[in-house]
Amino acid sequence: MSETYSIGQFSKKTGTTIRTLHYYDELELLKPSIITESGRRYYSDDNIVQLQKIISLKFLGYSLEEIREFLHLSDWNLMDSLHFQREEMLKKKAHLERVIRALDNAIDLTESQGQVNSSIFLMIIHNIQMENEFKDWLKRLLPNDRVEEIFNISDERERELNRLTADIVIKLKEAVGENPENPSVQELVGHIFTLTAEIVGGEDVLFHEIIENEQLVESELENDPLFLASPFSKKEEEWLEKAMEIYLESRGADQYDSTS
């Protein structure tokens with residue numbers, strides 16, 4: 001005959017709080033084997049087995065609602081469920097890895113820049129957060145293997161690029177209000193294009209394969225949440241846009257304009 005335990009004894013034996021046992025009872029996850037007329041609850045060894053199932057499934061990341069469904073199934077396809085949960089855990093792992101990367105970049109930027117402008121900080125975090133979405137967007141402009149190569153960089157190189165980007169952005173924000181034609185402003189704008197060209201694989205890629213798709217790029221920049229984490233205010237963006245137009249004209253960039 002299976003041994004029975006009061007709720008207090010069962011709580012101590014399993015390391016589960018009485019409050020949790022009551023909650024599991026309410027959810028019909030773990031019902032006591034015996035409930036007396038006076039309302040006293042008694043658990044059995046079978047309940048220990050059931051509780052172990054719940055604990056194991058919680059460890060695998062299943063919600064209590066999902067666990068309840070599993071426990072009430074007469075025919076539980078465990079293999080399908082485990083494969084599904086493994087895929088979910090891999091997604092969570094990838095998310096955590098992105099969070100750690102974002103923290104590493106934030107720490108590195110703070111150490112190198114000191115007090116970091118919040119808009120620059122948020123831009124870098126956003127770029128890491130939306131990396132997969134940005135990949136998908138870029139694959140509409142470049143071959144898939146080239147996009148994968150762009151993103152296949154070391155953590156050290158990624159932090160270096162973020163430091164360079166932050167430095168350029170800071171200097172541009174400080175220059176807002178100056179004549180966009182000033183050589184110092186044009187030099188900063190040139191740094192933007194040089195750095196971008198280096199990242200995407202050269203000026204030919206930047207100008208002939210990306211900027212050439214100007215109409216597609218501009219329409220999505222305005223509406224897609226992917227591109228909304230700009231470190232510049234609207235006024236700063238208008239000033240920067242003018243400075244970039246001057247820079248491209250000075251390079252004879254009409255040759256890159258697919259609409260000309």
Side-chain angles (χ1 to χ4, degrees), residues 1-111 121-136 148 151-156 158-159 162 225-226 229:
M1 181 176 178
S2 178
E3 188 172 353
T4 58
Y5 312 90
S6 69
I7 190 169
Q9 292 171 330
F10 191 77
S11 172
K12 290 180 181 179
K13 186 175 182 66
T14 62
T16 307
T17 66
I18 292 176
R19 181 179 180 182
T20 297
L21 291 173
H22 279 300
Y23 186 53
Y24 286 173
D25 185 5
E26 291 176 13
L27 295 179
E28 297 186 349
L29 278 172
L30 184 68
K31 305 289 291 184
S33 294
I34 301 171
I35 300 180
T36 66
E37 291 183 1
S38 61
R40 293 179 64 85
R41 291 171 164 78
Y42 290 92
Y43 293 83
S44 66
D45 290 332
D46 289 340
N47 289 130
I48 294 178
V49 174
Q50 183 85 339
L51 179 60
Q52 187 56 51
K53 290 180 181 178
I54 295 170
I55 293 171
S56 298
L57 290 169
K58 281 187 65 180
F59 174 77
L60 291 175
Y62 288 102
S63 68
L64 292 180
E65 183 177 345
E66 290 171 325
I67 293 172
R68 181 176 59 189
E69 292 177 3
F70 287 144
L71 296 180
H72 284 79
L73 288 174
S74 56
D75 183 17
W76 180 15
N77 192 329
L78 178 60
M79 185 58 70
D80 285 348
S81 174
L82 290 175
H83 278 301
F84 171 79
Q85 193 61 16
R86 184 177 186 277
E87 291 301 314
E88 292 299 305
M89 290 297 105
L90 287 174
K91 291 177 185 177
K92 290 184 179 181
K93 177 185 175 185
H95 171 72
L96 287 174
E97 288 174 346
R98 286 199 300 274
V99 171
I100 293 170
R101 275 178 53 210
L103 289 171
D104 286 342
N105 275 273
I107 291 169
D108 180 77
L109 196 61
T110 303
E111 289 177 345
F121 176 82
L122 292 174
M123 174 193 69
I124 290 173
I125 300 302
H126 176 84
N127 289 344
I128 295 174
Q129 179 185 7
M130 302 294 288
E131 180 177 271
N132 289 334
E133 289 80 358
F134 187 65
K135 270 187 184 181
D136 292 339
E148 293 299 333
F151 284 88
N152 186 25
I153 59 175
S154 67
D155 291 343
E156 182 180 351
E158 180 182 49
R159 290 193 288 271
N162 281 328
L226 179 60

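Worth knowing before you read on, the calculation uses all heavy atoms, side chains too, and leaves out hydrogens, waters and symmetry mates.
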Between atom [atom1] of [X] and atom [atom2] of [Y], what is the distance when rounded to the nearest 0.5 Å?
{"X": "Glu158", "Y": "Ile124", "atom1": "CD", "atom2": "CD1", "value": "9.5 Å"}
{"X": "Glu69", "Y": "Ile67", "atom1": "CD", "atom2": "CD1", "value": "10.5 Å"}
{"X": "Ile55", "Y": "Leu51", "atom1": "CD1", "atom2": "CG", "value": "4.0 Å"}
{"X": "Lys12", "Y": "Thr17", "atom1": "NZ", "atom2": "OG1", "value": "14.0 Å"}
{"X": "Ile7", "Y": "Arg40", "atom1": "CD1", "atom2": "CZ", "value": "10.0 Å"}
{"X": "Asp46", "Y": "Thr4", "atom1": "CG", "atom2": "OG1", "value": "12.0 Å"}

[X] (side chain) donor-acceptor with [Y] (main chain) under 3.5 angstrom:
{"X": "Thr110", "Y": "Ala106", "answer": "yes"}
{"X": "Asp25", "Y": "Leu21", "answer": "no"}
{"X": "Ser44", "Y": "Glu3", "answer": "no"}
{"X": "Asp136", "Y": "Glu133", "answer": "no"}

Review point. What's the verdict on side chain to side chain contact (heavy atoms under 4.5 Å, CB included) for Lys93 and Met89, showing C-alpha distance, side-chain angles and the deciding distance?
Key: CA-CA 6 Å; Lys93 177 185 175 185; Met89 290 297 105; over 6 Å; no

**Study point:** Under the salt bridge (charged side-chain N to carboxylate O under 4.0 Å, His left out) test, residues paired with Lys91 that sit two or more places apart
**Key:**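 Scan of Lys91 (salt bridge (charged side-chain N to carboxylate O under 4.0 Å, His left out), adjacent residues dropped) gives Glu88.
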
Point to revise | Partner residues of Asp104 under the salt bridge (charged side-chain N to carboxylate O under 4.0 Å, His left out) criterion, sequence neighbours left out | key: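 Partners of Asp104 under the salt bridge (charged side-chain N to carboxylate O under 4.0 Å, His left out) test: none.
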
May I ask you to test the [X]-[Y] pair for a side-chain heavy-atom distance under 4.5 Å?
{"X": "Lys58", "Y": "Leu64", "answer": "yes"}
{"X": "Asn162", "Y": "Asp108", "answer": "no"}
{"X": "Lys31", "Y": "Gln50", "answer": "no"}
{"X": "Pro32", "Y": "Tyr43", "answer": "yes"}

Check your understanding: So does Phe151 have more than 12 non-hydrogen atoms from other groups sitting under 6.0 Å from CZ?
Key ->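 Buried by this count: over 12 neighbours within 6.0 Å.
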
**Study point:** NE2/His22: more than 12 non-hydrogen atoms of other groups inside 6.0 Å
**Key:**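 For His22, atom NE2 is crowded (more than 12 foreign heavy atoms under 6.0 Å).
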
Indicate the atoms forming the closest heavy-atom contact of [X] with [Y], along with that distance.
{"X": "Tyr5", "Y": "Phe10", "value": "CB-N, 3.9 Å"}
{"X": "Gln9", "Y": "Ser6", "value": "OE1-N, 2.9 Å"}
{"X": "Leu30", "Y": "Asn47", "value": "CD1-O, 3.6 Å"}
{"X": "Leu27", "Y": "Arg68", "value": "O-CD, 2.9 Å"}
{"X": "Leu29", "Y": "Leu71", "value": "O-CD1, 3.9 Å"}

Check your understanding: Salt bridge check: are Glu131 and Arg98 linked by an N-O gap of less than 4.0 Å?
Key ->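 Answer for the salt bridge query: no.
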
